[in-house]
Amino acid sequence: MTQAQFTIEEIPFFDPIKIANSGQCFRWKILDASHVELVALGRYLQIAYLGSERFAFSCPRSEFNDLWYNYLDLARDYHQVADCILPDDTYLREALAFGEGIRILNQDPFETLICFIISQRRSIPSITTCVERLCALAGRKIDLPLASLESQELFVNLPEENYFAFPNCEEILKLTPEQLDSIGAGYRKEYILRASLAVFSNDANLQSWSNLSDESLFENLTSLYGVGKKVANCVMLFAYARSSRFPIDVWVQRIIDKYYGGSYDINRYPSTAGIMQQLMFYYERNKSIT
DNA sequence: TACCAGGTTCTAA
DNA sequence: TTAGAACATGGT
């Protein structure tokens, strides 16, 4: 008996469209009101909302269990996280009501590192453009589950375009200077190259770094040229499941100044400050748009 | 057109 | 130790 080429799952507190707009990932794309596609972990995935917290994923059950369950952080009980919000934290309560369904992804460390190096002092649309150019130039072409998807009415048919995996360090280092210039990374080009070189030479063994303490991991990440505390905290939060990390960017600083009197005690949420940060960030960026 | 963007590095005090 | 300038490019 052949395995079904899709997986259906009931998932509470999960909103792919909000995740796509949350700023933690740059390769998720909203196709329509109930479909999202993404490229991650070297694969293509489409997610369809079926109603009543039920979702269809364009992959076999085995792939869903092996890869996407962890990537999408489905083991965590987000209702429990929500229950931790203090009664007097009015702003965060509003942020939760607005952003319910956002999960913190467990992304690939190298991809997250390079993406957030690119992110510094740029808008999210601009980051997305730059990341896509890098993938198209240096990334491996991905085999699409086209035939199997088209045979299912659950999913949106794929456009006839190519999808590329995020490149590894070797693939980035193989780019010519002209190619690297053409992705439009500007002065961050040198940061990308030196981070890639550190990983290639094994000075930065990103896989083994997952065993480090928060303090050591932060120290190692910030030792990379072009990686400061903001980018390091984003990598820790979005790729190393360090949910206590609280990246402070211009948006979050604005929130702290406006709603928290200029200082924010992250010890209010010792193990979930990063999740709270993401809710705040999403709320502040999107509340005026919708 | 001018301004700002999920910051970091470098330099001078 | 800290404040401030410089940094490349894209989106609005």
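Here is how names work: the chains are called A, B, and so on, in the same order as the sequence lines, proteins then strands, and each is numbered from 1.
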(request) Assign each of A:S126 and A:G226 to its nearest nucleotide of DNA chain B by heavy atoms, then name whichever residue's nucleotide is nearer the 5' end. (result) A:S126
(request) Output, in order, the C-alpha distance, side-chain angles, deciding distance and verdict of salt bridge (charged side-chain N to carboxylate O under 4.0 Å, His left out) for A:E9 and A:R61. (result) CA-CA 10 Å; A:E9 190 83 0; A:R61 167 60 66 180; 2.9 Å; yes
(request) Round to a whole Å and report the spacing from CD of A:E190 to P of C:dC7. (result) 15 Å
(request) To the nearest Å, give me how far apart CD1 (A:I183) and P (C:dG10) are. (result) 11 Å
(message) Please report the distance, rounded to the nearest Å, between CD1 in A:I117 and P in C:dT9.
(response) 18 Å
(request) Would you kindly give the CZ-to-C1' distance between A:R121 and B:dT9, to the nearest whole Å? (result) 13 Å
(message) At less than 3.5 Å, do the side-chain atoms of A:R122 and the base atoms of C:dA8 form a donor-acceptor pair?
(response) no
(request) Round to the nearest Å and state the distance from A:I118 atom CD1 to C:dG11 atom P. (result) 14 Å
(request) Using the closest heavy atom to pick a nucleotide of DNA chain B for each, name whichever of A:T222 or A:I124 lands nearer the 5' end. (result) A:I124
(request) List for me each residue that meets side chain to side chain contact (heavy atoms under 4.5 Å, CB included) alongside A:R254, sequence neighbours excluded, and say none if there are none. (result) A:V250, A:W251
(request) Using atom CG of A:D249 as one end and atom P of B:dG7 as the other, report the distance to the nearest whole Å. (result) 5 Å
(message) Within the 4.0 Å heavy-atom criterion, would you say A:E284 contacts the bases, only the backbone, or no part of the nucleic acid?
(response) nothing
(request) Measure the distance from CD1 on A:I114 to P on B:dT8 and round it to the nearest whole Å. (result) 14 Å
(message) Does C:dG10 have OP1 or OP2 under 4.0 Å away from a side-chain N or O of A:R133?
(response) yes
(request) Quick one: label A:S22 by what it contacts on the DNA or RNA (base, sugar-phosphate, nothing), any heavy atom closer than 4.0 Å. (result) base
(request) Look at the side chain of A:Y187 and the base of B:dG7, then say whether one donor and one acceptor between them are separated by less than 3.5 Å. (result) yes
(message) Looking at A:S123, I'd like to know whether one of its side-chain N or O atoms comes within less than 4.0 Å of OP1 or OP2 on C:dT12.
(response) no
(message) Taking B:dT8 as the reference, what is the distance to C:dG11 when you measure between their P atoms (whole Å, please)?
(response) 22 Å
(message) Counting C-beta onward and ignoring hydrogens, is there a side-chain heavy-atom pair between A:L50 and A:F55 closer than 4.5 Å?
(response) no
(request) Evaluate the side-chain proximity of A:I11 to A:F57: yes if any heavy-atom separation is below 4.5 Å, no if none is. (result) yes
(message) How many whole angstroms separate atom NZ of A:K189 from atom C1' of B:dT8?
(response) 17 Å
(message) Checking contacts here: which listed nucleotide (B:dT8, B:dC10, C:dT12) is nearest the side-chain heavy atoms of A:V231?
(response) B:dT8
(message) Considering every strand and a 4.0 Å limit on heavy-atom distances, what is the contact class for A:F26: base, sugar-phosphate, or nothing?
(response) nothing
(message) Give the residues of residues 250-262 of chain A touching DNA chain B, defined as any heavy atom closer than 4.0 Å, sorted by residue number.
(response) A:V250, A:W251, A:V252, A:R254
(message) Could you tell me if A:R245 sits above the aromatic ring of A:F218, with its cationic atom closer than 6.0 Å to the ring centre and no more than 45 degrees from the axis?
(response) yes
(request) Answer yes or no: is there a side-chain heavy-atom contact under 4.5 Å between A:F166 and A:D108? (result) no
(request) Find which nucleotide of DNA chain C each of A:T129 and A:R188 is nearest to by heavy atoms, and output the residue with the more 5' nucleotide. (result) A:R188
(request) Could you label the plane-to-plane angle of the A:Y283 and A:Y91 rings as parallel, tilted or perpendicular, counting under 30° as parallel and over 60° as perpendicular? (result) tilted
(request) Measure the shortest side-chain to side-chain distance between A:P16 and A:W28 over non-hydrogen atoms and say whether it is less than 4.5 angstrom. (result) yes
(request) Establish, with yes or no, whether the OP1 or OP2 oxygen of B:dC10 is under 4.0 angstrom from a side-chain nitrogen or oxygen of A:Y225. (result) yes
